[in-house]
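Each chain gets a letter, A, B and so on, in the order the sequences are listed, and its residues count up from 1. Note that the structure is a prediction, hence the values are computed from the model and not measured. Only heavy atoms go into these numbers, but all of them, side chains included; no hydrogens, no water, no symmetry mates.
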There are 4 protein chains.
Amino acid sequence: MPPSSPSLTTQRLETLSDGVIAIASTLLVLDIGRLEVHGNDDLLDAIAQRWPSYVAYIVSFTVIGLIWVAHHSMFERISSVDRPLLFLNLALLLGIGFIPWPTSVLAEYIRADNVNASIATALYSLTMTLIGIVFVGMWAHLVRHPEHTTDTVTPVQLRRSLRLAYVSPIVYGATIGLAYVSPYVCLVVYAMLAVYFARGPSARALLAAQEATAGSDSGSEA
Amino acid sequence: MPPSSPSLTTQRLETLSDGVIAIASTLLVLDIGRLEVHGNDDLLDAIAQRWPSYVAYIVSFTVIGLIWVAHHSMFERISSVDRPLLFLNLALLLGIGFIPWPTSVLAEYIRADNVNASIATALYSLTMTLIGIVFVGMWAHLVRHPEHTTDTVTPVQLRRSLRLAYVSPIVYGATIGLAYVSPYVCLVVYAMLAVYFARGPSARALLAAQEATAGSDSGSEA
Amino acid sequence: MPPSSPSLTTQRLETLSDGVIAIASTLLVLDIGRLEVHGNDDLLDAIAQRWPSYVAYIVSFTVIGLIWVAHHSMFERISSVDRPLLFLNLALLLGIGFIPWPTSVLAEYIRADNVNASIATALYSLTMTLIGIVFVGMWAHLVRHPEHTTDTVTPVQLRRSLRLAYVSPIVYGATIGLAYVSPYVCLVVYAMLAVYFARGPSARALLAAQEATAGSDSGSEA
Amino acid sequence: MPPSSPSLTTQRLETLSDGVIAIASTLLVLDIGRLEVHGNDDLLDAIAQRWPSYVAYIVSFTVIGLIWVAHHSMFERISSVDRPLLFLNLALLLGIGFIPWPTSVLAEYIRADNVNASIATALYSLTMTLIGIVFVGMWAHLVRHPEHTTDTVTPVQLRRSLRLAYVSPIVYGATIGLAYVSPYVCLVVYAMLAVYFARGPSARALLAAQEATAGSDSGSEA
């Protein structure tokens with residue numbers, strides 16, 4: 001076991017966070033809603049016309065999955081929680097728990113042939129921007145208070161994590177404006193951002209941390 | 001490991017409580033509901049007019065988060081559970097699980113220009129008052145039965161926790177009446193109470209307990 | 001640590017069960033539904049007339065809480081899971097997850113002034129009877145296969161647990177018929193049964209097991 | 001403890017998966033929906049006519065339960081997670097979280113006396129086929145990267161697991177076509193497949209792994 005193992009509160013906070021993340025992602029399915037097909041209408045048509053709901057489900061489920069990766073990756077490096085971290089994390093959960101709502105608005109209005117499609121997309125981008133800002137706040141706090149991180153984390157790594165955390169609110173923030181140009185281009189940006197994060201530093205750091213843990217485990221048992 | 005580590009039942013009860021808390025807070029988003037915008041109506045207007053739902057979501061999510069802090073802080077000091085604690089805790093979960101309903105009533109009727117706004121606010125205050133009373137009951141039980149607390153907890157601390165637990169039902173109880181004067185002033189009181197608890201003894205005790213655990217951990221490993 | 005500690009699968013099955021139990025109990029609140037008050041109608045009236053929903057919420061939340069106690073108490077004595085136990089437990093979860101539906105039917109029709117009130121109550125009783133039968137099946141399996149229980153459990157205790165497990169399906173089964181006499185008397189029987197279980201052997205066994213664990217813990221550390 | 005114990009990330013991924021699985025199965029009950037009985041209509045009739053909802057609930061709850069068994073059985077043999085496994089697992093959760101929707105479509109349209117019954121059934125089969133394909137992808141990845149499995153797992157066992165994983169997408173895939181012959185025959189195939197899996201290799205492997213763990217536990221403590 002490393003010298004500075006996470007405290008009970010850190011573990012409980014991760015458990016609570018995982019709970020909210022799991023529930024928020026699973027509630028997304030409720031937004032797809034009932035199909036209303038009468039008499040001899042074709043169910044296949046009704047299913048096909050509901051495509052924005054499936055896209056929205058996949059986009060938001062993936063985003064929440066990537067938030068889980070980023071959150072887990074961050075807490076791998078946190079050894080204790082102080083008050084600001086505790087409440088920044090609650091703010092993060094408040095944002096994650098809110099995701100199903102802009103998702104359903106996006107699914108319902110992206111096909112509107114007026115400005116409402118842009119408004120729905122901008123609302124979605126705004127939600128993601130705010131969540132990204134909370135992540136920046138958490139990393140900024142850790143940079144200023146490295147005593148809350150595990151011993152293996154260096155100040156250089158923390159500053160690098162903070163810089164990388166800016167990517168999400170900046171790109172999502174830009175799509176708030178882009179939504180008024182083309183909602184569909186925003187969907188493409190969301191997908192590109194998801195691919196970036198899936199290939200990117202959080203996932204990499206998480207898997208590296210796992211390697212390190214495995215390494216120290218076998219080392220301590222050898 | 002401290003001599004009186006929490007029993008399996010205590011841990012399981014915390015897990016169940018965390019589950020209910022995580023779900024209740026995440027279900028809040030379902031109460032925001034679908035927007036109904038037809039033809040060329042402005043979606044932005046519809047989103048803006050739904051502001052009481054966002055306020056209610058934020059207030060209740062924050063309250064549930066603070067209940068989690070208070071609950072976790074209490075269980076940090078509990079080493080074993082007896083029958084009254086078991087069922088007081090179930091009563092607490094029953095109250096927490098109920099929160100989404102008065103929240104949705106509050107969001108829907110706070111703008112009503114008649115007495116219904118006061119009634120909805122009073123219902124919300126009543127729910128919170130009852131939850132606060134259960135907390136008082138739990139601390140009162142621990143004061144009378146200190147054998148269920150960990151060895152590091154003194155009677156003085158327990159009596160102090162009990163006194164502090166009275167704050168919540170007294171203030172929320174007062175807002176039941178205040179709701180008939182002004183529902184909006186109640187919202188302000190809710191926010192002030194949230195700030196008080198966020199800065200207050202539960203959060204402080206939780207973070208202190210974490211320090212202590214970290215201290216004893218490093219001590220036992222030194 | 002006792003010589004036959006529960007296996008990983010037993011722990012995971014408890015975690016899954018706790019998840020379903022926590023979610024089923026928290027979903028109950030969704031059945032209370034939106035109030036519809038128009039213009040100057042009194043919200044207080046609307047809230048008061050919804051009383052069967054609150055009673056149903058409290059009854060079902062309490063029942064699910066007691067099922068959690070009974071389930072936890074049973075798994076305190078299980079050291080490993082075989083195929084029948086695995087699938088009996090899934091059948092139990094299937095029943096628990098179903099509870100919100102008969103609860104909402106009960107809440108909606110218990111005030112009907114015709115046979116529908118009896119039918120709704122009988123449906124609720126039937127659901128609980130089936131859940132009780134699965135519990136009987138699990139204890140009966142443990143009586144025949146004591147090798148799946150922890151070393152401290154005696155055959156006499158297992159047979160006693162099996163006998164006590166019959167109480168629930170027998171009494172709930174009787175209320176299926178009683179529902180056609182008086183649905184309200186059924187509610188009273190439900191409440192009496194809840195009190196019986198809260199005071200009864202499951203809760204007692206659970207708390208005793210906790211004592212024993214605490215005892216053996218301090219023993220092994222002394 | 002075996003030399004290559006699962007890493008923290010593996011455990012967290014199992015916890016997240018269990019959360020999504022527990023929630024998806026419990027959300028199924030929301031699809032049964034409210035009964036609408038007016039005046040002197042018979043509630044018993046209304047309950048009886050809703051039979052496809054109960055069948056769909058039971059089928060999907062059982063399927064999700066068996067997915068849990070298969071998932072748990074797989075992770076018993078995984079010692080560390082790499083990027084493809086991480087994202088294949090998120091894809092799996094995306095599929096599991098989606099199950100409530102095709103379930104509700106199936107329940108609503110299987111009695112339609114036109115092609116819509118077939119379409120609803122085919123949609124359900126398609127969802128299950130895709131989930132099965134993700135399982136195949138996970139086992140195929142483990143066959144190519146045995147360094148992520150525990151030391152006790154042999155290449156022969158992994159290839160056998162991969163071969164067996166093909167059963168689910170092949171049979172469910174076949175029912176996509178079969179749905180246009182007879183939706184009811186598909187229900188029978190679903191039931192047969194559930195029995196096959198309940199008796200089959202995943203459940204067997206899981207229980208065997210438990211035996212092995214218990215064995216090594218007692219071995220290391222002897």
Side-chain angles (χ1 to χ4, degrees), chain A residues 1-10 12-13 15-28 30-31 33 79-87 89-91 93-105 108-109 112-123 126 148, chain B residues 6 14-15 17-47 50 53-54 57-58 60-62 64-66 68-69 71-73 75-76 194 198-199 203-204 206-207 209-215 217-218 221-222:
Chain A
M1 202 181 285
S4 58
S5 63
S7 76
L8 187 61
T9 296
T10 313
R12 288 279 306 267
L13 206 56
T15 307
L16 185 77
S17 307
D18 283 5
V20 170
I21 288 171
I23 300 157
S25 57
T26 320
L27 287 184
L28 291 171
L30 298 181
D31 290 324
S79 60
S80 65
V81 173
D82 61 356
R83 194 188 304 267
L85 275 179
L86 185 64
F87 289 103
N89 195 70
L90 285 181
L93 298 185
L94 193 148
I96 296 169
F98 189 67
I99 289 177
W101 193 71
T103 302
S104 74
V105 174
E108 200 161 346
Y109 293 99
D113 51 2
N114 55 23
V115 74
N116 289 349
S118 299
I119 293 168
T121 311
L123 173 71
L126 177 65
H148 292 299
Chain B
E14 286 188 88
T15 307
S17 307
D18 283 5
V20 171
I21 288 170
I23 301 158
S25 57
T26 321
L27 287 184
L28 291 171
V29 77
L30 298 182
D31 290 324
I32 302 182
R34 294 193 163 247
L35 296 169
E36 304 211 355
V37 176
H38 301 290
N40 282 319
D41 284 7
D42 195 356
L43 181 60
L44 206 56
D45 271 7
I47 292 174
R50 197 62 71 91
S53 289
Y54 318 132
Y57 173 81
I58 292 171
S60 284
F61 202 102
T62 306
I64 296 178
L66 292 169
W68 179 82
V69 170
H71 187 266
H72 180 18
S73 167
F75 271 79
E76 285 276 290
R199 302 183 54 87
R204 200 152 53 225
L206 185 59
L207 299 163
Q210 175 184 272
E211 293 287 306
T213 316
D217 268 13
S218 52
E221 289 184 20

**Q** Report the distance from atom CG of B/L44 to atom OG of A/S118, rounding to the nearest 0.5 Å.
**A** 11.0 Å
**Q** Could you label the plane-to-plane angle of the B/Y54 and A/F98 rings as parallel, tilted or perpendicular, counting under 30° as parallel and over 60° as perpendicular?
**A** perpendicular
**Q** Show me the donor-acceptor pairs within less than 3.5 Å that the side chains of residues 19-28 of chain B make with the rest of the protein, sequence neighbours left out.
**A**
| residue | atom | partner | partner atom | Å |
| --- | --- | --- | --- | --- |
| B/S25 | OG | B/I21 | O | 3.0 |
| B/S25 | OG | B/A22 | O | 2.9 |
| B/T26 | OG1 | B/A22 | O | 2.5 |

**Q** Counting heavy-atom pairs under 4.5 Å to chain B, which of A/L30, A/L94, A/I119 comes out on top?
**A** A/L94
**Q** Is there side-chain contact between B/L43 and A/L123, with heavy atoms separated by less than 4.5 Å?
**A** no
**Q** Mind jotting down which residue pairs meet the salt bridge (Lys or Arg N to Asp or Glu O under 4.0 Å) criterion with at least one end in residues 18-40 of chain B? Sequence neighbours excluded, please.
**A** A/R12-B/D18, A/E108-B/R34
**Q** Got a second to check how far B/I64's CD1 is from A/L93's CG, nearest 0.5 Å?
**A** 12.0 Å
**Q** So what's closer than 4.5 Å to chain B heavy atoms on A/N116: side chain, backbone, both or neither?
**A** both
**Q** At a 4.5 Å cut-off on heavy atoms, which part of A/A120 comes close to chain B: side chain, backbone, both, or neither?
**A** both
**Q** Tell me the closest heavy-atom pair linking B/W68 and A/L86, and the distance in Å.
**A** CZ3-CD1, 4.0 Å
**Q** Is any side-chain heavy atom of A/F87 less than 4.5 Å from a side-chain heavy atom of B/T62?
**A** no
